[in-house]
Enquirer: 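Before we start, here is the structure in question, set down as structure tokens.
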Number of protein chains: 2
Amino acid sequence: MTQLAYIDEYKTAEAHSSSVRVNAPTLNSFEQDTVLDCDAFRNLPILVVTKGAVGLQHMLGDGRQTISVIFFEGDVLDTRHFSKASGKLVCILPVTASLYNGDDFETMQRDSTQFQIEQSSNQARQHLYAAQHSVDLARKSAVEKLASFIFECRKRQQLGRQLTVCLRLRRTDIADYMGLRVETLSRAFSKLRKMQFIDSDDADEVHILNEPALRQLANGKTL
Amino acid sequence: MTQLAYIDEYKTAEAHSSSVRVNAPTLNSFEQDTVLDCDAFRNLPILVVTKGAVGLQHMLGDGRQTISVIFFEGDVLDTRHFSKASGKLVCILPVTASLYNGDDFETMQRDSTQFQIEQSSNQARQHLYAAQHSVDLARKSAVEKLASFIFECRKRQQLGRQLTVCLRLRRTDIADYMGLRVETLSRAFSKLRKMQFIDSDDADEVHILNEPALRQLANGKTL
DNA sequence: CGAATAGTTGAGTAGTCTCAAAACAGGTGG
DNA sequence: CCACCTGTTTTGAGACTACTCAACTATTCG
């Protein structure tokens, strides 16, 4: 059961009426490029992304920009923790999200071992994504970064072995996320196309033509 | 003694009948460069670093190496989550760590709200470090990366405003962590010294001579 | 002392960034 | 329907940074 489904069940189940009442989540929409002010979420600090993507965006002193983390559908994010962060939470796509009360969330964790484990493994998953992202950023070339990004997209959208992947993000945001300039990213796309590893009708959609080769490239094997 | 031997000793020991239903942790030492095999920790998967540092090390296909995450003193790491990771856990310094049973850990979380909140904020802290690390890797130059690393060391060793920081890690590991080659890192040190931002008697110790300037540099402000 | 490991320095190369301009939508109003 | 605007993506030329490979120095340890 996904965490989201669990929460929904929890709040509607009569079995829990004996314990503390859990409030229904409020569903919210934010348009693209909205900055989420963490302080504004003080009363409902837990945010579960149900559609779109939220990025943690950072700006260096001279204007260089980075997106360090991206939260996609199903990712849970506790805004209380991000008020201390150096960046700001920005909707890099139109977003819908459910908001939860912090106390409710903690109550649910205490009441249900299942939920607690789910929540903990969710956090661990986020941590692993972050670690993998550091690997991608640290020593990979532009094309390798792009190849890695395509696989990350596929994995996080749970597309399995599907060969058509929607990137969904704007070029600027992909570039910010992968630590590249838009121009370099664009050149990387051209190279992958020229190498016949990918193909794309639409700017947003990528068809993987040679998955093994693309995988090798993403893993830094010199072909 | 091997890791498995430690764990076997724990399993057969009688001394764990503490007053509460939570078993006493076992304290273990690992020498530098030991690789921690996650499977060997199956019975006591929760590892709390009490001394030294554990790194999550990744190797690209052609030999390029990276350390994506570092766990220092006080950091909690659940080895169950890292068996899925692309990298391996390596003691990049001599390490001592307490091991906990997974069920005990979950019980402690349920029994103590205090503990649960602490654990959750610990995970959040790790996540923020990871995010900040991505920012450091993404678009910063070599000297900026080094400046950032010095501040990260100070912060994570809880040295407050102290101007003398022990890096403790080997140059190779710092380079792997910051996504640089050792040579480039060495040149970055030289540059910071020449700029009179830092000073060092010992290779391991860094005296910050001009904190504001170093901070600005770390934040990407062109001076 | 000599071997081995860790760290520094130097010269040339490859790759990314910068800046500038051109191509390409998508939407607006005449 | 077309010209126009705005924002995004692509392409090109030159500068600059970090990498590679190599030699050299320092330190540790048998």
Side-chain angles (χ1 to χ4, degrees), chain A residues 31-33 60-67 92-94 136-149 166-195 198-206 217 220 222-223, chain B residues 31-33 60 62-67 92-94 136-149 166-195 198-206 217 220 222:
Chain A
E31 55 181 60
Q32 194 165 29
D33 298 322
L60 294 190
D62 65 346
R64 277 170 287 176
Q65 210 168 256
T66 309
I67 293 174
I92 54 180
L93 288 175
D136 293 343
L137 290 176
R139 307 285 312 276
K140 290 188 182 176
S141 70
V143 272
E144 289 167 348
K145 285 180 179 178
L146 177 53
S148 305
F149 178 73
C166 273
L167 304 181
R168 296 166 60 215
L169 270 47
R170 287 170 295 203
R171 291 282 189 267
T172 326
D173 294 325
I174 301 177
D176 283 352
Y177 185 55
M178 299 314 293
L180 296 170
R181 305 259 57 207
V182 207
E183 297 93 323
T184 310
L185 181 69
S186 173
R187 281 181 250 270
F189 269 108
S190 306
K191 278 179 197 163
L192 285 189
R193 269 193 292 265
K194 196 175 289 171
M195 290 194 274
I198 64 161
D199 179 11
S200 52
D201 319 331
D202 184 356
D204 189 43
E205 235 179 41
V206 167
L217 188 64
T222 46
L223 300 173
Chain B
E31 54 182 59
Q32 194 165 29
D33 297 323
L60 294 191
D62 64 346
R64 279 170 286 175
Q65 210 169 257
T66 309
I67 294 173
I92 54 180
L93 289 175
D136 292 344
L137 289 176
R139 305 287 313 274
K140 291 187 181 177
S141 72
V143 274
E144 288 167 351
K145 284 180 179 178
L146 177 53
S148 305
F149 179 74
C166 274
L167 304 182
R168 297 166 61 220
L169 269 47
R170 285 169 298 202
R171 292 283 190 268
T172 325
D173 294 325
I174 301 176
D176 283 351
Y177 186 55
M178 299 314 293
L180 296 171
R181 307 259 56 207
V182 205
E183 298 94 321
T184 311
L185 179 68
S186 176
R187 280 182 251 271
F189 270 108
S190 305
K191 277 180 198 162
L192 286 189
R193 269 194 292 266
K194 195 175 288 170
M195 290 194 275
I198 64 162
D199 181 9
S200 53
D201 317 331
D202 185 356
D204 189 45
E205 235 179 42
V206 167
L217 188 64
T222 46

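Sequence lines set the chain letters: A, B, ... in the order given, protein chains first and strands last, and positions in each chain run from 1. Small disclaimer: the values here were computed from a predicted structure and weren't measured.
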Enquirer: I need a per-nucleotide contact map over nucleotides 17-30 of chain D, read 5' to 3'. Cutoff is protein heavy atoms under 4.0 Å; write B for the base, S for backbone only, - otherwise.
Expert: -SSBBB--------
Enquirer: Taking the side chain from A:R64 and the backbone from B:R139, do they hold a donor-acceptor pair closer than 3.5 Å?
Expert: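 Yes; judged by distance alone, with no hydrogens or angles, the pair exists.
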Enquirer: Among residues at least two apart in sequence or on other chains, which ones pass side chain to side chain donor-acceptor pair (under 3.5 Å) with A:S148?
Expert: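 Counting only residues at least two positions away or on another chain, A:S148 forms a side chain to side chain donor-acceptor pair (under 3.5 Å) with A:K140.
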Enquirer: Please list all pairs meeting side chain to side chain donor-acceptor pair (under 3.5 Å) that have one or both residues in residues 166-181 of chain A, counting only residues at least two apart or in different chains.
Expert: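 Side chain to side chain donor-acceptor pair (under 3.5 Å) check on residues 166-181 of chain A returns A:D33-A:R170, A:Q65-A:D176, A:E73-A:R168, A:E152-A:Y177, A:R170-A:D173.
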Enquirer: Could you tell me whether the side chain of B:E31 reaches within less than 4.5 Å of the side chain of B:P94, counting heavy atoms only?
Expert: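 Result no, sub-4.5 Å side-chain heavy-atom pair not found.
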Enquirer: Think A:S190 has a side-chain N or O under 4.0 angstrom from the OP1 or OP2 of D:dT11?
Expert: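 A:S190 to D:dT11 OP1/OP2: side-chain N or O found under 4.0 Å.
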Enquirer: Going 5' to 3' along DNA chain C, which are the first and last nucleotides with any atom under 4.0 Å from a heavy atom of chain A?
Expert: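 Here the contact window of chain A covers C:dT16 to C:dC19.
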Enquirer: When the distance from CD of A:E205 to P of D:dT9 is rounded to whole Å, what number comes out?
Expert: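 Going from A:E205 (CD) to D:dT9 (P), I get 16 Å.
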Enquirer: Using a 4.5 Å cut-off on heavy atoms from C-beta on, say whether the side chain of B:D136 contacts that of B:M178.
Expert: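 Yes - at least one pair of side-chain heavy atoms lies under 4.5 Å apart.
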Enquirer: State, with a plain yes or no, whether a side-chain heavy atom of B:L167 is found less than 4.5 Å away from one of B:E205.
Expert: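 No, their side chains stay 4.5 Å or more apart.
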Enquirer: Once salt bridge (charged side-chain N to carboxylate O under 4.0 Å, His left out) is applied, do any residues pair with B:E183, and if so which ones, sequence neighbours excluded?
Expert: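 Partners of B:E183 by the salt bridge (charged side-chain N to carboxylate O under 4.0 Å, His left out) criterion come out as none, since no residue qualifies.
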Enquirer: For the residue pair A:V206 and A:F149, establish whether any side-chain heavy-atom pair is separated by less than 4.5 Å.
Expert: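 With C-beta onward as the side chain, the pair stays apart.
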Enquirer: Just how large is the angle between the end axes of the helix from C:dC1-D:dG30 to C:dG30-D:dC1, five pairs per end, to 10 degrees?
Expert: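 The end-segment axes of the helix from C:dC1-D:dG30 to C:dG30-D:dC1 are tilted 30° relative to each other.
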Enquirer: Check the distance between D:dT8's P and A:D176's CG and give it to me in whole angstrom.
Expert: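 Atom CG in A:D176 sits about 12 Å away from atom P in D:dT8.
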Enquirer: Which pair of heavy atoms, one from B:L192 and one from B:A147, lies closest together, and at what distance?
Expert: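 Heavy-atom minimum between the residues: CD1-N, 4.4 Å.
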Enquirer: What pair of heavy atoms forms the shortest contact from A:L185 to A:A175, and how long is it?
Expert: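 Minimum heavy-atom separation between A:L185 and A:A175: CD2-N, 3.8 Å.
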